Amino acid sequence: MKLHCEVEVINRMLPTFGMRNKGKGTRAVLSIGRNCTDKSTNVYLMICTLKDKSGCKYKLKENIEHFFTKFVEEGKATLRLKEPAIDVCLSKADSVNLKSFLSAVRLAHQGNEIRTLPLSILTPAKTSEIEKPKIRMIITSKKDYPLATNFPYSLEHLQVSYCKLARVDMRMLCLKKLRKLDLSHNHIKKLPSTIGDLLYLQELNLHDNQLESFSTALCSSTLQKSLQFLDLSQNKIRALPIQFCSLQELVHLKLDDNELIRLPFKLGQFKKLRFLSAARNKLPFLPCEFKLLHLENLDLFGNSFEQPSPLTPNIQLKVPLTLLETASRLVVNSKFSYGPHLLPAHLCQDLDTAKLCQCGQSCVNSFIQTTVTMNLHHVSHTVVLVDNMGGTEAPVQSYFCSLLCYSEFLDRYLQSNR
């Protein structure tokens, strides 16, 4: 049984002689087993470091004075030995492995049920076992891509670029500590939903691939709570799903050089979004909730924005309102919870795409819709020019829940343009 962690061995007798310990832990491998030169049934704890791969061995039976395990959930613990008078301080260990290791040490100390432990003869540790775990790997050539070996389990940052990958290697999705995954400049066409199982993933770079969509499964995964940076630029994406706005931890979103004909409808749900770029797409206008954003930097250059048409509305308003529309508005405005376990899927989709009127009330399938001009400085501190003419304005969809709301808007619009 082995444990990989950092170890500091403190001699409790040094202060007696006016000496101090170094006070710094080193990377080590701890093993529990039998000594090859000891024919008895004694069990030993062996500590191997880079400086001492052969390891120091300490007898365990009835030799532990105390177990300090208050911070075991943080990967820390201390074993106080009777002979020699030392404290073995463990840190930066996997909490689950540490608990198992301490349980084995406790059994060896008590001398009970020794036969139940998976013990072997203690042997010197290999250099590869002791070296600090690799947390960063960058591969920018197909010849360097590992085919016969796995990726180091300890990786937190993995970049695999210019390797002509047609799909995401499933071995990458076993890297449970991964925080940054960069798969830019490949030929990936589809993302596996299991990317959502990477609990700590904060940055995902998919720049310059062949993606045509972003799956709803990823939007509903644990990425909702972890993903802060997403680069989908230079792909072939035409639209993003409604559920995309569930990734509410996003701070930086890049959508440049796609084929987007619209932005996510509920864009206003991105409360933490600060950097948004969607340059060189095919956006005719911006969604209604775009005006709810609070950005630091915005780039919408090179889109084919239409001229706003506030005087030629698209009227979908039905008077009087149907019972379904009235009930739907009540659910949205009252913020009642709903889901497929309560309502048919098509009704849930209607409620998910409810529009916000300028009066603050919502409308679902009965509304008046038009486009108006908005100065993008209203939502962003820094704005990249929309076109070569130096403009910083763009058309935004506006919805009205009634004729009264549209009439009031029209009065204000006509007065401002006199």
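The shown structure was predicted, so the numbers you read here are calculated from the model rather than taken from an experiment. Computed over heavy atoms, backbone and side chain alike; hydrogens, waters and symmetry mates excluded.
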- Query: Got Arg274 and His252 here, is their nearest side-chain heavy-atom distance under 4.5 Å?
  - Reply: no
- For residues Ser161 and Ser184, is any side-chain donor paired with an opposing acceptor at under 3.5 Å? yes
- Message: To check you understand the geometry: which heavy-atom pair defines the closest contact between Leu3 and Phe101, and what is its length?
- Response: CB-CD1, 3.7 Å
- Task: Find out whether Thr392 and Asn375 are in side-chain contact, i.e. whether some heavy atom of one side chain is under 4.5 Å from a heavy atom of the other.
- Result: yes
- Is the side chain of Thr353 donor-acceptor paired with the backbone N or O of Asp350 at a distance under 3.5 Å, no angle test? yes
- Non-hydrogen side-chain atoms of Pro310 and Phe409 separated by less than 4.5 Å: yes
- Message: Looking at every non-hydrogen atom in both residues, tell me the closest pair between Thr49 and Ala28 and how far apart they are.
- Response: CG2-CB, 3.9 Å
- Item | Donor-acceptor pair, side chain of Asn303 and main chain of Leu283, under 3.5 angstrom | yes
- Task: Would you check if Gln358 and Phe400 make a side-chain contact, meaning some heavy-atom pair closer than 4.5 Å?
- Result: yes
- Query: With no hydrogens and no angle check, is any side-chain donor or acceptor of Glu296 less than 3.5 Å from a backbone partner on Thr382?
  - Reply: no
- With a 4.5 Å limit on heavy-atom distance, are the side chains of Met137 and Pro152 in contact? yes
- Task: Please confirm whether Arg80 makes a cation-pi placement over Phe67, using NZ or CZ under 6.0 Å from the six-membered ring centre and within 45° of the ring normal.
- Result: no
- Phe214 vs Leu247 side-chain heavy atoms within contact, under 4.5 Å: yes
- Item | Separation of Leu204 CG from Leu250 CG (nearest 0.5 Å) | 10.0 Å
- Query: For the atom pair NZ (Lys99) and CD (Glu73), what is the distance rounded to the nearest 0.5 Å?
  - Reply: 3.5 Å
- Query: Would one find more than 12 heavy atoms of other residues, nucleotides or ligands at under 6.0 Å from atom CZ of Arg171?
  - Reply: yes
- Task: Might you work through the side chain to side chain contact (heavy atoms under 4.5 Å, CB included) test for Phe229 and Val251, ending with a clear yes or no?
- Result: CA-CA 6 Å; Phe229 176 98; Val251 176; over 6 Å; no
- Quick one: do Lys180 and Glu156 make a salt bridge, cutoff under 4.0 Å? no
- Any idea which heavy atoms bring Gly75 and Leu98 closest together, and the distance? C-CD2, 3.5 Å
- Evaluate side-chain hydrogen bond (donor to acceptor under 3.5 Å, both in side chains) for Tyr338 paired with Asp352, printing each intermediate quantity in order. CA-CA 10 Å; Tyr338 61 88; Asp352 287 340; 2.7 Å; yes
- Test Asp256 against Ser277 for side-chain hydrogen bond (donor to acceptor under 3.5 Å, both in side chains), laying out the working first. CA-CA 6 Å; Asp256 310 283; Ser277 58; 2.8 Å; yes
- List the steps, then state whether side-chain hydrogen bond (donor to acceptor under 3.5 Å, both in side chains) holds for Thr370 with Ser398. CA-CA 5 Å; Thr370 187; Ser398 289; over 6 Å; no
- Query: With distance as the sole test, does Asp52 use its side chain to make a donor-acceptor pair with the main-chain N or O of Cys48 at under 3.5 Å?
  - Reply: no
- Between the side chain of Glu325 and the main-chain N/O of Asn365, is any donor-acceptor distance below 3.5 Å? yes
- Query: What do the steps show when you test Glu259 against Arg280 for salt bridge (charged side-chain N to carboxylate O under 4.0 Å, His left out), and what is the final call?
  - Reply: CA-CA 8 Å; Glu259 299 173 9; Arg280 295 171 297 280; over 6 Å; no
- So, Ser246 side chain and Gln243 main chain: donor-acceptor pair closer than 3.5 Å or not? yes
- Nearest heavy-atom pair of Lys355 and Phe265: which atoms, and what distance? CG-CZ, 3.5 Å
- Are the aromatic rings of Tyr58 and Tyr44 close, with centres under 6.0 Å apart? no
- Under the 3.5 angstrom rule, does the side chain of Asn209 hit a backbone N or O of Leu211 as a donor-acceptor pair? no
- Query: Is Glu74 salt-bridged to Lys92, cutoff N-O under 4.0 Å?
  - Reply: no
- Query: Quick check: does any side chain N or O of Arg329 sit under 3.5 Å from a backbone N or O of Cys401, one acting as donor and the other as acceptor?
  - Reply: yes
- Query: Distance only, no hydrogens: is a donor on one side chain within 3.5 Å (strictly under) of an acceptor on the other, for Asn186 and Tyr162?
  - Reply: no
- What heavy-atom pair brings Ala85 and Asn11 nearest, and what distance separates the two atoms? O-OD1, 3.7 Å
- Task: Identify which one of Leu199, Leu198, Ile195 satisfies the side chain to side chain contact (heavy atoms under 4.5 Å, CB included) criterion when paired with Thr222.
- Result: Leu199
- Derivation of the side-chain hydrogen bond (donor to acceptor under 3.5 Å, both in side chains) call for Glu203 and Asn205: CA-CA 7 Å; Glu203 298 186 25; Asn205 189 345; over 6 Å; no
- Query: Any donor-acceptor pair under 3.5 Å linking the side chain of Ser309 with the backbone of Leu311?
  - Reply: no
- Considering all heavy atoms, the nearest Lys177-Tyr200 contact: CA-CD1, 4.5 Å
- Query: Is a side-chain N or O of Ser380 found less than 3.5 angstrom from the main chain of Leu376, in a donor-acceptor match?
  - Reply: no
- OG-CZ distance between Ser95 and Phe71, expressed to the nearest 0.5 angstrom: 14.5 Å
- Message: I'd like to know whether NZ of Lys189 has more than 12 heavy-atom contacts from other residues, nucleotides or ligands below 6.0 angstrom.
- Response: no
- Just jot down the salt bridge (charged side-chain N to carboxylate O under 4.0 Å, His left out) partners of Glu408, sequence neighbours excluded, or say none. none
- State whether Glu289 and Lys266 are salt-bridged, where the test is any N-O pair (Lys NZ or Arg NE/NH1/NH2 against Asp/Glu carboxylate O) under 4.0 Å. yes
- Query: Any side-chain heavy atom of Pro284 sitting closer than 4.5 Å to one from Glu306?
  - Reply: yes
- Any side-chain heavy-atom pair of Gln361 and Leu356 under 4.5 Å: no
- Message: Take a 6.0 Å sphere around CD of Glu65 and say whether it holds more than 12 heavy atoms from other residues, nucleotides or ligands.
- Response: yes
- Task: Test Ile237 against every option in Leu206, Leu232, Leu255, Asn281 by the side chain to side chain contact (heavy atoms under 4.5 Å, CB included) rule and name the one that passes.
- Result: Leu232
